[in-house]
Protein chains: 2
Amino acid sequence: MRGRRPRLGARGPTVADVARLAGVSPMTVSRVINTETSVLPATRDKVRTAIATLGYVPNLAARSLAGGQQCRIALLHANPSAAYLSEFLMGSLAQASLIDAQLIVEQCDPLEPYQALVGRLSGHRVDAVLLPPPLCDDPALLAALEAAGLPVAQIATGRPAAFAHALTIDDEEAAHRMTTHLIGRGHRRIGFITGAANQTVSAARRAGYDRALADAGLPHDPRLVAQGDFTYRSGLLAATALLACVPRPTAIFASNDDMAAAAVAVAHRGHLDVPADLSVCGFDDSAMSRTIWPEITTVHQPIADMARQATALLAGTVRERSAAREASVRHVRVAFTIRHRASDGPPPLD
Amino acid sequence: MRGRRPRLGARGPTVADVARLAGVSPMTVSRVINTETSVLPATRDKVRTAIATLGYVPNLAARSLAGGQQCRIALLHANPSAAYLSEFLMGSLAQASLIDAQLIVEQCDPLEPYQALVGRLSGHRVDAVLLPPPLCDDPALLAALEAAGLPVAQIATGRPAAFAHALTIDDEEAAHRMTTHLIGRGHRRIGFITGAANQTVSAARRAGYDRALADAGLPHDPRLVAQGDFTYRSGLLAATALLACVPRPTAIFASNDDMAAAAVAVAHRGHLDVPADLSVCGFDDSAMSRTIWPEITTVHQPIADMARQATALLAGTVRERSAAREASVRHVRVAFTIRHRASDGPPPLD
DNA sequence: CTGAAAGCGCTTACAG
DNA sequence: CTGAAAGCGCTTACAG
């Protein structure tokens with residue numbers, strides 16, 4: 001049983017190799033890798049030199065087997081915007097790889113009962129769930145997840161659940177700032193296109209618009225608010241209605257970029273120049289805002305970063321002792337910025 | 001050393017548990033899981049029952065540690081289209097999780113020298129590389145990857161390298177079929193917007209357009225071909241030029257959807273109805289084609305499926321004995337379909 | 001067709 | 001601050 005053939009495949013150096021070269025035990029190498037403090041600087045440096053010399057890279061499989069640190073996070077999505085999903089994925093994927101968590105991406109079928117979905121997640125040994133919009137606002141899904149005892153992170157919700165982590169920007173404040181920016185440019189008649197009624201951020205954005213108008217002492221004309229649902233098509237209808245008002249608004253602030261792009265299209269169709277005859281602003285800083293021409297001034301949400309933080313929070317919760325879990329729920333507000341581009345300017349002189 | 005405390009964390013059932021319940025050895029359980037043939041049906045069923053009873057799910061970490069089947073695949077991307085990336089990711093992620101490969105997503109900085117990039121990949125223990133457009137067409141990158149001995153899969157290239165796997169649709173044929181479709185509708189003056197000159201699919205799509213015209217015996221008017229580079233902006237310029245021709249084309253076929261969307265915008269700006277006054281077709285079936293209104297008739301590429309297949313091919317190559325690698329390179333052509341939507345119709349009567 | 005032994009590369013839980 | 005031992009859950013390479 002001794003002269004057994006070595007297993008196939010040249011593998012890289014291991015902790016044992018590093019330990020030998022550095023003249024320490026594998027345990028000490030492990031400590032250095034995991035940046036524990038209780039290692040003498042001299043020892044640490046020897047180990048680091050050996051790691052660099054050998055080009056050692058830890059074996060993730062072995063690490064998670066030994067550490068018992070398995071962590072599978074499901075990303076449940078039903079967002080029609082591929083751009084949003086892709087940016088979200090980049091953030092959560094990077095973080096997952098960093099902390100050695102496994103990310104499971106699951107497209108949510110709206111027809112599947114939530115009980116079945118949650119059952120499937122447990123079957124896949126999912127430890128936690130990432131919930132980007134619009135699922136983050138689904139009460140039935142949240143209830144099912146809470147009942148299953150799964151840690152959850154809601155991203156971009158206007159109404160964080162008590163049991164879940166939440167990562168949001170201040171949508172109300174962002175809309176307020178964008179509207180105030182337009183007012184500062186000289187606009188007095190600013191049209192607003194709302195988001196979908198079933199997403200909590202829609203109301204927040206609308207509230208920011210209302211407050212900015214009030215702060216500036218501008219009259220509130222209900223004809224200047226048109227209902228949208230975040231789709232381009234709804235933006236077309238809403239912008240058409242807004243531009244039919246007399247007198248015409250000199251600016252339109254849409255609750256997302258797809259609808260802002262639609263407003264630009266309607267303006268062009270009516271031979272209005274953007275921004276000379278009409279300023280248009282959007283929300284989200286999605287691909288659409290940079291694709292069309294002119295490029296749209298919009299509110300930038302750090303989607304990738306929010307995904308990254310949400311993933312880190314979930315992994316922390318999973319690896320925590322279960323007792324303290326409820327106490328550690330975090331509602332984090334991240335900073336937004338306004339991206340000034342080419343679609344806004346002063347109102348026409350008329 | 002005996003009464004040692006068990007490790008923390010309730011773990012699920014293991015092969016040992018299944019083996020005990022089924023009255024077989026762990027080895028046999030492993031065989032059943034890996035669907036080896038040399039297990040008696042009766043034994044297999046006992047094991048399967050035990051698996052179902054216990055709700056056993058294999059531990060991936062242990063499996064890859066023991067099996068030595070580590071496989072890290074890098075997805076190198078520089079594609080400006082988030083929609084493309086996101087769909088690509090869905091496919092490769094699903095396959096990677098299925099075959100227990102690790103996917104590393106790496107944004108390519110065009111300023112970084114390729115030698116450094118390839119060096120970094122080796123440092124991360126990357127075993128293979130997925131190359132979607134436009135990187136799939138970069139000769140310097142391909143050369144560096146080949147020199148490093150890394151298996152590569154090119155996706156959607158018009159010119160597959162001899163050493164690499166390639167997954168493509170027949171772009172020439174797809175463009176031919178779309179053009180022929182327009183001709184079948186009655187169009188005789190069909191404008192064409194080309195793709196970027198440095199991507200190999202651009203020439204293929206152009207060739208398909210040319211061939212369809214020739215097949216139908218239509219004259220080849222060089223003014224009906226406008227140079228684009230796949231951006232919306234270039235589509236705006238190209239469509240403006242095409243619509244200035246006298247007589248005006250009754251249809252425009254753009255080499256991607258962003259440019260087709262731009263053509264729709266230019267038409268609307270000129271008060272032309274789409275499709276009553278002008279038919280517009282695109283290529284790729286990207287999010288843009290379904291976002292704008294009217295929705296665009298386009299060529300559907302199964303991007304997720306191509307990514308899935310490419311990932312599977314690479315994993316196969318990595319796990320192969322190195323000797324046979326070169327012999328196993330595969331150039332696969334997958335089927336495309338035409339998605340008929342609302343942007344095309346017969347030419348106007350006059 | 002089935003099984004006993006060894007080992008994958010790392011970390012936990014102790015002990016000193 | 002450092003190390004020797006055991007074990008994570010599975011598969012490989014044999015042997016029967």
Side-chain angles (χ1 to χ4, degrees), chain A residues 1-20 22-47 51 54 56-71 99-100 102 125 319 321, chain B residues 1-20 22-47 51 54 56-72 100 102 125 319 321:
Chain A
M1 219 70 356
R2 217 166 289 142
R4 182 169 291 231
R5 231 206 280 157
R7 295 209 177 177
L8 277 160
R11 299 180 176 215
T14 70
V15 274
D17 300 320
V18 175
R20 208 171 303 124
V24 299
S25 75
M27 197 49 244
T28 299
V29 174
S30 171
R31 286 195 180 96
V32 173
I33 296 167
N34 294 289
T35 60
E36 268 184 45
T37 47
S38 68
V39 178
L40 283 179
T43 314
R44 188 171 17 82
D45 291 343
K46 273 194 301 185
V47 173
I51 287 176
L54 259 27
Y56 168 77
V57 180
N59 180 319
L60 295 183
R63 201 196 272 225
S64 75
L65 216 210
Q69 302 253 320
Q70 316 244 38
C71 179
I99 57 182
D100 193 18
Q102 199 186 339
R125 288 252 183 97
R319 286 166 182 172
R321 299 294 162 261
Chain B
M1 224 63 4
R2 218 165 290 140
R4 182 168 291 230
R5 230 205 281 156
R7 295 207 176 179
L8 279 158
R11 298 182 176 214
T14 69
V15 274
D17 299 320
V18 176
R20 209 171 302 124
V24 300
S25 75
M27 196 50 245
T28 298
V29 175
S30 171
R31 285 196 181 96
V32 172
I33 296 166
N34 294 288
T35 61
E36 268 183 46
T37 46
S38 67
V39 179
L40 281 180
T43 315
R44 188 171 17 83
D45 292 344
K46 274 193 301 183
V47 172
I51 287 176
L54 260 28
Y56 168 77
V57 181
N59 180 319
L60 295 184
R63 199 195 271 224
S64 76
L65 218 210
Q69 301 251 320
Q70 318 243 36
C71 180
R72 319 187 107 191
D100 193 18
Q102 199 187 339
R125 290 251 183 97
R319 286 165 182 172
R321 298 297 161 260

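Predicted, not measured: the structure shown is a model, and the values here were computed from it. Chain letters run A, B, ... following the sequence lines, proteins first and then strands; every chain starts at 1. Reckoned from all heavy atoms, side chains included, excluding hydrogens, waters and symmetry mates.
Distance from the side chain of Val39(B) is smallest to dT2(C) among dT2(D), dC10(D), dT2(C). Of the candidates dG3(C), dG9(C), dT2(D), dG9(C) carries the atom nearest the Thr14(A) side chain, counting heavy atoms from C-beta on. Of the listed nucleotides (dC10(D), dC10(C), dT2(C)), dC10(D) has the atom at the smallest distance from the side chain of Tyr56(B). Comparing atom distances between the Leu65(B) side chain and each of dC10(C), dC1(D), dC8(C) picks out dC8(C) as nearest. In the set dT11(C), dG3(C), dT2(C), the nucleotide with an atom closest to the side chain of Ser30(A) is dT11(C). Looking at the side chain of Met27(B), the nearest of the listed nucleotides dG9(C), dG3(C), dT2(C) is dG3(C). For Arg31(A), whose side chain is taken as the heavy atoms from C-beta onward, the closest listed nucleotide among dT2(C), dG7(C), dA13(C) is dA13(C).
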Exercise for the section: Please step through side chain to side chain contact (heavy atoms under 4.5 Å, CB included) for the pair Val32(B) and Val18(B), ending with a clear verdict. Expected result: CA-CA 11 Å; Val32(B) 172; Val18(B) 176; over 6 Å; no

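Side-chain N/O atoms of Thr28(A) include one lying less than 4.0 angstrom from OP1 or OP2 on dG3(D). Applying the 4.0 Å criterion to OP1 and OP2 of dT2(D), one finds that Thr43(A) has a side-chain N or O inside that range. Note on Ser25(B): a side-chain N or O is less than 4.0 Å away from OP1 or OP2 of dG3(C).
Shown here for Ala19(B) and Ser25(B), the closest heavy-atom pair between the two residues is CB-C, 3.7 Å. Annotation for Ala22(B) and Val47(B): closest pair CB-CA, 4.0 Å, computed over non-hydrogen atoms.
If you check every strand for non-hydrogen atoms under 4.0 Å, Val29(B) touches nothing.
Where DNA chain D pairs in unbroken runs of 3 or more (Watson-Crick or G-U, both distances under 3.5 Å), the stems are C:1-3 with D:14-16, C:5-12 with D:5-12, C:14-16 with D:1-3.
Partners of Thr43(A) under the side chain to side chain contact (heavy atoms under 4.5 Å, CB included) rule, at least two apart in sequence or in another chain, are Val24(A), Thr28(A), Val39(A), Leu40(A).
Taking atom CZ on Arg20(B) and atom P on dC10(D), their separation rounds to 12 Å, with Å as the unit.
Between Ala62(B) and Pro26(B), the residue anchored closer to the 5' end of DNA chain C is Pro26(B), taking for each the nucleotide with the nearest heavy atom.
Here the straight-line distance linking atom OG1 of Thr14(A) with atom CG of Leu54(A) works out to 8.5 Å at 0.5 Å rounding.
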